[in-house]
**Q** 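What follows is a single structure, and I will ask about it in a moment.
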Amino acid sequence: MLKVENITKYYGSLKAVDNFSFTVKEGEIFGLLGANGAGKTTTFRIIMGLLEAQSGKVSLFGKAIDYGVTDTIGFMTEERSLLTKLTVKEQMLFYGKLKGMDKETILMKLDYWLDRLNISEYKNRIIKELSKGNQQKIQLITALINDPKLLILDEPFAGLDPLNVELFKEIIMEFKNKGSIIIFSTHRMDHVEYFCEKLVIMVAGQAVIDGYLTDIKKNYRRKNIIVKGDINKETLLKINGVLDVTSYVDEVEIKIKDDSVIDEVFKYISKCKNITKFSVEEPSLNEIFIAKVGESYEE
Ligand code: ATP
């Protein structure tokens with residue numbers, strides 16, 4: 001288990017991380033969400049031991065993170081710290097050896113991952129000649145090559161096209177299924193919703209929403225009903241527990257206080273004409289965040 005307990009980090013007088021705690025178990029994907037400057041990278045650096053917190057502690061499998069365990073960690077940094085003058089193969093041999101791997105294993109794993117990421121033809125190319133997305137794939141391989149028990153991915157999807165986002169997610173899921181502890185940061189809620197089960201949303205160094213996604217959604221009792229057909233907005237708004245009604249191009253979204261309101265809304269809708277859809281849906285994470293924190297989180 002990765003345990004982060006009450007870490008606080010100041011840069012001068014700026015409190016970048018404020019008494020922040022979370023735990024992640026083997027086989028869990030943990031999402032650290034936050035706007036630019038929320039404190040995500042600082043948190044990762046503290047976990048990796050690259051920065052010292054003023055207070056609090058971090059442990060992996062019950063032990064402090066030091067050189068003794070770095071061989072079992074994979075880290076994809078936000079700065080994309082590749083050795084850009086080397087070829088892909090040279091860089092991977094360098095990183096693999098740092099992780100205590102032998103040459104034969106490094107080259108075997110490299111061939112496998114290059115193939116999985118559809119970039120085998122770049123093995124002997126200088127890294128700086130690769131496109132940004134392909135450099136990102138190389139960065140992912142450096143994080144994975146040692147089959148890490150703890151995989152830390154700082155903004156892994158930033159700048160990727162949708163197909164490659166899916167490919168990265170698929171690979172990360174495989175590590176989850178093998179029992180790795182995975183933590184990743186993002187400022188995109190949609191990258192989290194169908195992908196990680198546990199998350200923290202950070203604002204100014206503190207957790208504003210945290211826990212398992214299913215619990216967060218369950219505890220947030222509001223729901224949305226999506227309807228297609230001829231309805232009267234004013235009548236709906238008169239139903240007790242209907243909070244808001246918004247018309248979109250061909251659908252209407254009815255926000256309700258909780259499940260108890262569904263029957264009343266259904267009774268009214270069943271009397272309306274041309275109804276082709278009635279669907280009760282959970283709110284998005286973005287919607288929960290806006291309701292709790294009061295600001296839009298969209299890019
Ligand atoms: P982003 O999504 O933009 O990468 P982040 O959530 O990773 O942001 P951090 O990089 O951890 O946020 O920064 C948290 C706060 O600490 C910000 O206000 C940032 O300006 C500040 N900060 C980060 N690094 C330093 C530093 N070396 N010196 C001073 N302040 C810093």
Side-chain angles (χ1 to χ4, degrees), residues 2-24 29-58 60 65 73-82 84 132-133 135-140 142-143 148 150-162 164-165 168-169 172 181-193 195-196 198-211 213 216 284-286 288-290 292-299:
L2 172 73
K3 212 167 182 180
V4 174
E5 292 172 274
N6 308 101
I7 55 171
T8 294
K9 173 71 189 171
Y10 284 90
Y11 294 109
S13 60
L14 175 90
K15 210 183 214 181
V17 178
D18 186 0
N19 197 29
F20 189 47
S21 303
F22 63 87
T23 57
V24 194
I29 301 183
F30 177 84
L32 185 54
L33 281 100
N36 295 125
K40 305 180 296 292
T41 301
T42 303
T43 302
F44 282 167
R45 292 209 176 117
I46 293 168
I47 293 171
M48 294 292 299
L50 301 172
L51 260 182
E52 211 174 322
Q54 271 87 8
S55 59
K57 63 176 187 179
V58 178
L60 179 64
I65 295 181
I73 299 176
F75 186 33
M76 181 168 168
T77 59
E78 194 187 23
E79 303 83 31
R80 311 284 175 249
S81 53
L82 293 166
T84 55
K132 202 167 151 272
Q135 289 193 17
Q136 209 156 321
K137 290 180 176 182
I138 302 301
Q139 189 89 46
L140 180 69
T142 54
L150 170 63
L151 184 55
I152 301 177
L153 306 165
D154 200 355
E155 297 277 358
F157 310 120
L160 288 180
D161 65 48
N164 282 315
V165 168
F168 271 43
K169 283 184 180 174
I172 297 168
I181 295 170
I182 297 154
I183 56 177
F184 79 100
S185 72
T186 179
H187 52 275
R188 292 273 302 269
M189 302 256 180
D190 56 339
H191 284 159
V192 171
E193 290 244 51
F195 179 56
C196 78
K198 199 175 181 191
L199 62 101
V200 161
I201 300 179
M202 249 183 145
V203 173
Q206 288 184 319
V208 289
I209 295 175
D210 71 322
L213 186 58
I216 292 169
S284 67
L285 192 56
N286 193 55
I288 299 174
F289 178 79
I290 292 168
K292 289 212 174 186
V293 183
E295 64 187 79
S296 174
Y297 203 75
E298 295 291 342
E299 277 184 304

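A quick note: this is a predicted structure, and the numbers were derived from the prediction, not measured. Order of listing sets the numbers, starting from 1, for every ligand and every atom in it.
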**Q** By number and element, which atoms of ligand 1 are closer than 4.0 Å to a non-hydrogen atom of N36?
**A**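 Listed by number with element, the hits are 1 (P), 2 (O), 3 (O), 8 (O).
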
**Q** Tell me, do I73 and P148 make a side-chain contact under 4.5 Å, heavy atoms counted?
**A**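 Contact flag for I73/P148 side chains = no.
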
**Q** Heavy atom to atom 6 (O) of ligand 1, shortest distance: which of E155, K40, R45 holds it?
**A**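 Of the listed residues, K40 has the closest heavy atom.
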
**Q** Over 60° means perpendicular and under 30° means parallel, so classify the ring planes of F184 and F157, tilted if in between.
**A**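 F157 vs F184 ring planes: perpendicular.
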
**Q** Using modelled atom types and a 3.5 Å cut-off, is there a donor and acceptor pairing between side-chain atoms of K57 and backbone atoms of K3?
**A**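 A pair under 3.5 Å: no.
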
**Q** Measuring from non-hydrogen atoms of G34 to any atom of ligand 1, is the shortest distance under 4.0 Å?
**A**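 So G34 does not count as touching ligand 1.
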
**Q** Considering all heavy atoms of both residues, which atom of M202 and which atom of A38 are nearest to each other, and what is their separation?
**A**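 Result for this residue pair: O-CB, 3.5 Å.
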
**Q** Which part of A35 is near ligand 1, with near meaning a heavy atom under 4.0 Å away: side chain, backbone, both or neither?
**A**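 A35 to ligand 1: backbone contact only, side chain stays beyond 4.0 Å.
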
**Q** Would you say the side chains of N19 and T8 form a donor-acceptor pair under 3.5 Å?
**A**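 Their side chains do not contain a donor-acceptor pair, so the 3.5 Å distance test is not met.
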
**Q** Taking N or O atoms only and a 3.5 Å limit, does T42 qualify as a polar contact for ligand 1?
**A**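 Looking only at distances, the answer is yes, because the N/O contact criterion of under 3.5 Å is met.
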
**Q** CD of Q54: more than 12 outside heavy atoms within 6.0 angstrom?
**A**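 Result for CD/Q54: enclosed.
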
**Q** For G37, is at least one N or O under 3.5 Å away from an N or O on ligand 1?
**A**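 So ligand 1 has an N or O lying under 3.5 Å from an N or O of G37.
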
**Q** Which of the atoms in ligand 1, numbered in the order shown and given with their element, are less than 4.0 Å from a heavy-atom of L14?
**A**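 Numbered from 1, ligand 1 contributes 15 (C), 16 (O), 18 (O), 21 (C).
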
**Q** Going by the order shown, which atoms of ligand 1 are within less than 4.0 Å of some heavy atom of A38?
**A**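 So the atoms of ligand 1 that pass are 5 (P), 6 (O), 12 (O).
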
